[in-house]
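To start, the structure itself, in structure tokens.
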Protein chains: 2
Amino acid sequence: MPTISKEDYIKAIYQLESDPDKSVSTTDVANKLEVSKAATSEMVQRLSEQGFLNYEKYRGMSLTDEGKKTALHVIRRHRIWELFLMDVLGLSWSEVHAEAEILEHSTSDFLIEKLDEYLGHPKVDPHGEPIPDKYGNLPELPDCVSLQLCEVGKNYRLVKVIDSSKELMNYFTEIGLSLNRMVMVVSRLSYDNSTIIQVGNDSFNISEKISSNLFFIEAVK
Amino acid sequence: MPTISKEDYIKAIYQLESDPDKSVSTTDVANKLEVSKAATSEMVQRLSEQGFLNYEKYRGMSLTDEGKKTALHVIRRHRIWELFLMDVLGLSWSEVHAEAEILEHSTSDFLIEKLDEYLGHPKVDPHGEPIPDKYGNLPELPDCVSLQLCEVGKNYRLVKVIDSSKELMNYFTEIGLSLNRMVMVVSRLSYDNSTIIQVGNDSFNISEKISSNLFFIEAVK
DNA sequence: CTTTAAACTTAGGTATTCCTAACTTAATAA
DNA sequence: TTATTAAGTTAGGAATACCTAAGTTTAAAG
Ligand SMILES: [Mn+2]
Ligand SMILES: [Mn+2]
Ligand SMILES: [Mn+2]
Ligand SMILES: [Mn+2]
């Protein structure tokens with residue numbers, strides 16, 4: 001029912017809403033989608049009329065159950081496509097997102113179930129993000145911690161990567177970081193809170209900012 | 001550059017143009033796309049302004065080189081997706097077209113080349129229709145004849161099926177007709193110009209109308 | 001050669017989606 | 001508490017893509 005634009009707005013609001021600290025503002029959405037605040041204000045009012053979110057002018061917005069269901073539906077398609085593009089067609093970490101951003105709006109329920117089946121009903125996408133099932137339920141994943149919280153001397157498995165930029169994803173690929181890759185935490189520099197990790201035979205210094213994009217589970221030998 | 005709507009109009013006009021007998025009219029396009037003649041008239045004027053076709057009011061239209069290039073670009077994406085959906089995901093003859101009709105507008109050049117590579121640079125789609133290459137060149141295919149012209153007693157290989165309706169495609173699947181399937185022409189009834197063919201161990205009577213959708217190449221034993 | 005019917009276009013309208021500029025409301029700082 | 005600034009909305013406008021109804025042009029009969 002929703003158009004491509006509406007799906008992108010609803011998905012953006014869902015993602016902004018996941019930060020429980022602050023409510024979602026018109027400006028947040030406008031920045032995320034790179035459209036004017038005026039366009040956002042209009043769209044938000046339309047989505048409110050259509051029952052996808054609750055909205056009080058000049059106050060924040062929050063998705064209704066219907067809105068959340070729609071968002072998870074789009075996210076399911078996005079993540080299944082990303083996994084498919086990477087695992088089957090061999091695209092790289094930095095390439096999948098842009099393609100999925102479009103395909104997520106062009107895929108019937110029928111086709112997405114075929115893809116899901118082909119991939120063996122996967123639980124996570126190539127960044128380690130959970131894939132909602134066809135009813136909109138997010139799978140429970142084991143707890144993981146950001147690199148900042150990983151302890152020196154221990155071994156970890158990379159289970160999630162926040163996709164903040166193409167450049168960053170390319171850098172991770174370059175240094176050999178991929179999902180489920182084992183790494184060892186060599187040391188941490190208190191000077192700038194950066195962490196030195198060993199990936200295979202090489203070691204790399206990861207800045208505090210970049211560390212917050214990498215999530216690990218401790219390896220049980 | 002063209003929008004989804006424009007791509008569909010341009011593709012429709014290209015396909016109507018392939019009949020060399022008559023020029024393409026507004027009504028033809030309107031019927032094909034199931035939109036009003038008014039909407040078609042407006043769109044055709046816009047496409048003319050934008051250089052995709054030549055148009056004289058109340059006379060016919062014909063695509064420019066730019067228009068043909070655009071049409072072949074869309075057709076390439078459509079046919080590659082159809083092949084992919086059938087060969088890789090296992091959709092049926094009757095299911096692929098509807099999905100491809102949408103995906104054809106949502107696929108970057110980069111992605112379509114990846115798909116093409118994955119499929120081994122195929123020359124034909126699941127209906128036996130040629131797939132234009134990335135420069136818009138249609139591959140040359142061996143001559144084939146419709147079932148009406150196939151001779152009684154001879155063996156043939158099915159090389160092309162005109163996709164006229166889901167119902168018909170399902171019927172073909174049911175009776176075991178698939179691309180490259182071998183059939184034997186058993187007899188022809190002059191009463192209604194229908195043809196009896198043998199597929200595997202079973203024989204079927206194919207009406208004259210349906211015969212015109214099936215194209216064969218004589219089998220050289 | 002007219003008349004008439006079919007084909008085609010224009011007029012006028014609706015709905016989306018987006019923009020900039022102007023204005024209003026809320027939050028903040030003096 | 002008031003002024004100022006930041007946040008958010010409305011006004012007005014453009015482009016796309018549709019529609020129905022009314023008019024125009026062309027083609028076909030008579
Ligand atoms: Mn993504
Ligand atoms: Mn998107
Ligand atoms: Mn098709
Ligand atoms: Mn299409």
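Lettering of chains follows the sequences in order, A, B, ..., and the numbering in each one begins at 1.
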Other residues, nucleotides, ligands: >12 heavy atoms within 6.0 Å of A:Lys69 NZ: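 Result for NZ/A:Lys69: open.
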
5'-most contact on DNA chain C: A:Val35 or B:Thr27, nearest heavy atom basis? B:Thr27

[N] phosphate, OP1 or OP2, under 4.0 Å from [X] side-chain N/O:
| X | N | answer |
| --- | --- | --- |
| B:Lys57 | D:dT26 | no |
| B:Arg46 | D:dA17 | yes |
| B:Ser5 | D:dT16 | no |

What's the closest nucleotide to the [X] side chain, out of [options]?
| X | options | answer |
| --- | --- | --- |
| A:Ala39 | C:dT17, C:dC18, D:dG8 | C:dC18 |
| A:Ala38 | C:dT17, C:dC19, D:dA17 | C:dC19 |
| B:Ser25 | C:dC8, D:dC18, C:dA11 | C:dC8 |

For atom [atom1] of [X] and atom [atom2] of [N], their distance in whole Å:
| X | N | atom1 | atom2 | result |
| --- | --- | --- | --- | --- |
| A:Tyr9 | C:dT17 | OH | C1' | 8 Å |
| B:Met43 | D:dC19 | CE | P | 11 Å |
| B:Met61 | C:dC8 | CE | C1' | 10 Å |
| A:Leu47 | C:dT17 | CG | P | 9 Å |
| A:Glu34 | C:dT20 | CD | P | 13 Å |
| A:Asn31 | D:dA6 | CG | C1' | 13 Å |
| A:Ile4 | C:dC18 | CD1 | C1' | 15 Å |

Donor-acceptor check, side chain of A:Ser178 to backbone of A:Arg181, threshold 3.5 angstrom: yes or no?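 Side chain of A:Ser178 to backbone of A:Arg181: no pair is present.
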
Should the side chain of B:Glu42 and the base of D:dC19 be counted as holding a donor-acceptor pair, with the cut-off at 3.5 Å? yes

Is a donor-acceptor pair below 3.5 Å formed from side chain B:Gln45 to base C:dC8, judging by atom type as modelled?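 Per atom types, no contact qualifies.
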
Could you check B:Tyr58 against B:Thr40 and say which one's nearest nucleotide on DNA chain D is further toward the 5' end?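 Residue closer to the 5' terminus by nearest nucleotide: B:Thr40.
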
CA sep, side-chain torsions, deciding dist, call: A:His121, A:Asp133, side-chain hydrogen bond (donor to acceptor under 3.5 Å, both in side chains): CA-CA 9 Å; A:His121 307 290; A:Asp133 71 16; over 6 Å; no

Determine the contact category for A:Lys37: base if any of its heavy atoms lies under 4.0 Å from a base atom, sugar-phosphate if only primed atoms, P, OP1 or OP2 are that close, otherwise nothing. base

Just to be sure I understand the rule, does A:Ser36 reach a base, reach only the sugar-phosphate, or reach nothing, if contact means heavy atoms closer than 4.0 Å?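 Answer is base: heavy atoms of A:Ser36 come under 4.0 Å of a base.
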
May I ask you to decide if the ring planes of A:Trp93 and A:Phe172 are parallel, tilted or perpendicular, using 30° and 60° as cut-offs? perpendicular

If I take atom CD1 from residue B:Ile131 and atom CZ from residue B:Arg77, how far apart are they, to the nearest 0.5 angstrom? 14.0 Å

